[in-house]
Number of protein chains: 4
Amino acid sequence: MFIELDFQSETPIYEQLKTEIIVGIASGQLTPGERLPSVRQMASDIGINLHTVNKAYTQLKEEGYLLIHRQRGVVVNPEGPEAMTKERQAQLRQILRPLIADSLCRQMTEKELTTFIQSIYDELKEDRSK
Amino acid sequence: MFIELDFQSETPIYEQLKTEIIVGIASGQLTPGERLPSVRQMASDIGINLHTVNKAYTQLKEEGYLLIHRQRGVVVNPEGPEAMTKERQAQLRQILRPLIADSLCRQMTEKELTTFIQSIYDELKEDRSK
Amino acid sequence: MFIELDFQSETPIYEQLKTEIIVGIASGQLTPGERLPSVRQMASDIGINLHTVNKAYTQLKEEGYLLIHRQRGVVVNPEGPEAMTKERQAQLRQILRPLIADSLCRQMTEKELTTFIQSIYDELKEDRSK
Amino acid sequence: MFIELDFQSETPIYEQLKTEIIVGIASGQLTPGERLPSVRQMASDIGINLHTVNKAYTQLKEEGYLLIHRQRGVVVNPEGPEAMTKERQAQLRQILRPLIADSLCRQMTEKELTTFIQSIYDELKEDRSK
DNA sequence: GTGGTCTAGACCACA
DNA sequence: GTGGTCTAGACCACG
């Protein structure tokens, strides 16, 4: 799997790494039970600090995306994260509300918006079929 | 207009304030040409520092949401921000991709997702009709 | 003569007014000895504060552009301002240096620059011939 | 690189600092990719507050002159700012028009003017060859 | 150690 | 009274 980071970005490296892995899982590029590179391996692969990888892995473990076995290393959790809850949905709403409001102010119609969302959705599923 | 901030949140206060104002404009609670409280007024209203308000106002001015008349205060720009560009859309895609990926992993279907988006959209438009 | 002000601009109104008058003189739209509207007249004409007009007029008088007679009102000084001095030229250099540096960084060539300057020069002289 | 500020000047310190850096880049004293002092370092070097430096750096980042690596500090953007656009050129015209008008009124000829501009241009390029 | 954020208090130009 | 600027000092996330 190919990890792409933007060091100029203002979003923290560990967040970007988490994002890449989550997208990898969602798109099926990372399959349930698949093993990920060790913390050290991943760190040297993409040229970042070991602690940074560790932070990403640990948080993904807490969110149910990964399992960290002391011996067997890091694998994609076949169970996956817990299903969408109402709390999480409310949280997501808080994040999306300003983004949608901004799009609205920029004259994006509802149809354009849903089409746009769908295109992202499809892009993920497309990778999955590969 | 009612401004609601979460001081415990890790998102900066000035960002939250920007969000509140953008949502206010999108939902029509703030109308084109309407005057906003002065930086000092707003700051004391919501109990934060005037510089924090100033930062939010200044950035919203740069984004085309507000006009800042030298001594006459701050008003909602009737022109509004520039229309959605391709670059901005690409940027939005970067933000939405991980959110959608996460929702996908949590077994949210595409239909649930679009319904969800629509409900946020409607919520904004609803306020507008008031 | 037509005065055009931008109330959104961050350059002070009185500066803009001064600029308009200087350009008017340079372009010959205002001729030596010509009478300008009184402070009160000008203020009401363009809808700004009386003090603002006064500030512009006073400074232009100090710079040699205008004469202010108590009875006869405000007229364009036939003598004009003092000729360009070395000090003033040094000052002008300080203002132009960053502008030219910026243009350079934005890949404007020297030829483009001088052509550009010339076009502004010609625009002024053109008005003069009217 | 040597930064020279005039604390008596009415132009804001952060503007002067921006100017110095832009001129430094244009003249080649600051090379693409070169690292600038940290905000704290620069601030103590020239005896001003770190927030003032930060404002200058941030604005230069937004204009494409600098890159700000999260924790690795500030470097000169090898890409540089976006090329001169028509809008920016129109803006520049607005700034130059009164300056040229003033010079005209002070009996500066077109030839003197272009020679003058060229001398500034050459001064910048001269530093570049060092 | 780096930049980002927030607070606080002060002075100034502008209108 | 308005926003703009500067200073000062503090805390935090990041790596």
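Below, each value reflects all heavy atoms present in this structure, side chains not excepted, and no hydrogens, waters or symmetry copies.
In this structure, the CZ atom of D:Arg40 is 7 Å from the P atom of E:dG3, given to the nearest Å. In this structure, CZ of B:Phe7 is placed 16 Å from P of E:dT5, rounded to the nearest angstrom. As a whole-Å value, the separation of D:His69 NE2 from F:dG15 P is 13 Å. Atom OH in D:Tyr57 sits about 19 Å away from atom C1' in E:dT5, given to the nearest Å. The interatomic distance linking B:Gln16 (CD) with E:dC6 (P) rounds to 9 Å, in whole Å. Going from atom CG of D:Leu5 over to atom P of F:dT5 covers 15 Å, rounded to whole Å. Distance CG (A:Leu17) to P (F:dC14): 13 Å, rounded to an integer number of Å. In this structure, D:Glu15 atom CD and E:dC12 atom P are separated by 20 Å, rounded to whole Å.
Taking the side chain of D:His51 as heavy atoms from C-beta on, and the options E:dG9, F:dG9, F:dT2, the nearest nucleotide is F:dG9. Of the candidate nucleotides E:dA15, F:dC14, E:dC11, E:dA15 has the atom nearest to the side chain of C:Pro12. Of all nucleotides listed (E:dA8, F:dT5, E:dT2), E:dT2 comes nearest to the side chain of D:Arg35.
The phosphate of F:dG4 (OP1 or OP2) has a side-chain N or O of B:Asn54 nearer than 4.0 angstrom. For C:Lys55, a side-chain nitrogen or oxygen approaches OP1 or OP2 of E:dC14 to under 4.0 Å. Contact annotation: D:Thr52 reaches the phosphate of F:dT7 (side-chain N/O to OP1 or OP2, under 4.0 Å). In terms of phosphate contacts, A:Tyr14 brings no side-chain nitrogen or oxygen within less than 4.0 Å of OP1 or OP2 of F:dG15.
Side-chain contact between D:Met42 and D:Ile3 is present, with heavy atoms from C-beta onward closer than 4.5 Å.
For the pair B:Ile68 and D:Ile13, nearest-nucleotide mapping onto DNA chain F gives the more 5' position to B:Ile68. Take the nearest nucleotide of DNA chain E for B:Gly47 and for C:Asn49: the residue whose nucleotide is more 5' is B:Gly47. Where B:Val39 and A:Thr11 each meet DNA chain F at their nearest nucleotide, the meeting point lying more 5' is that of B:Val39.
A 3.5 Å limit on both hydrogen-bonding distances identifies E:dG1 as the Watson-Crick or G-U partner of F:dC14.
For the residue pair D:Thr31/D:Glu34, the side-chain donor-acceptor check at 3.5 Å is satisfied. Between the side chains of B:Tyr65 and A:Asp102, at least one donor-acceptor pair of N or O atoms lies under 3.5 Å.
Just one residue in the list B:Val74, B:Leu36, B:Thr58, B:Leu17 forms a side chain to side chain contact (heavy atoms under 4.5 Å, CB included) with B:Val53, and that residue is B:Leu17.
C:Arg97 and D:Glu20 are joined by a salt bridge, as a carboxylate oxygen and a charged side-chain nitrogen come within less than 4.0 angstrom of each other.
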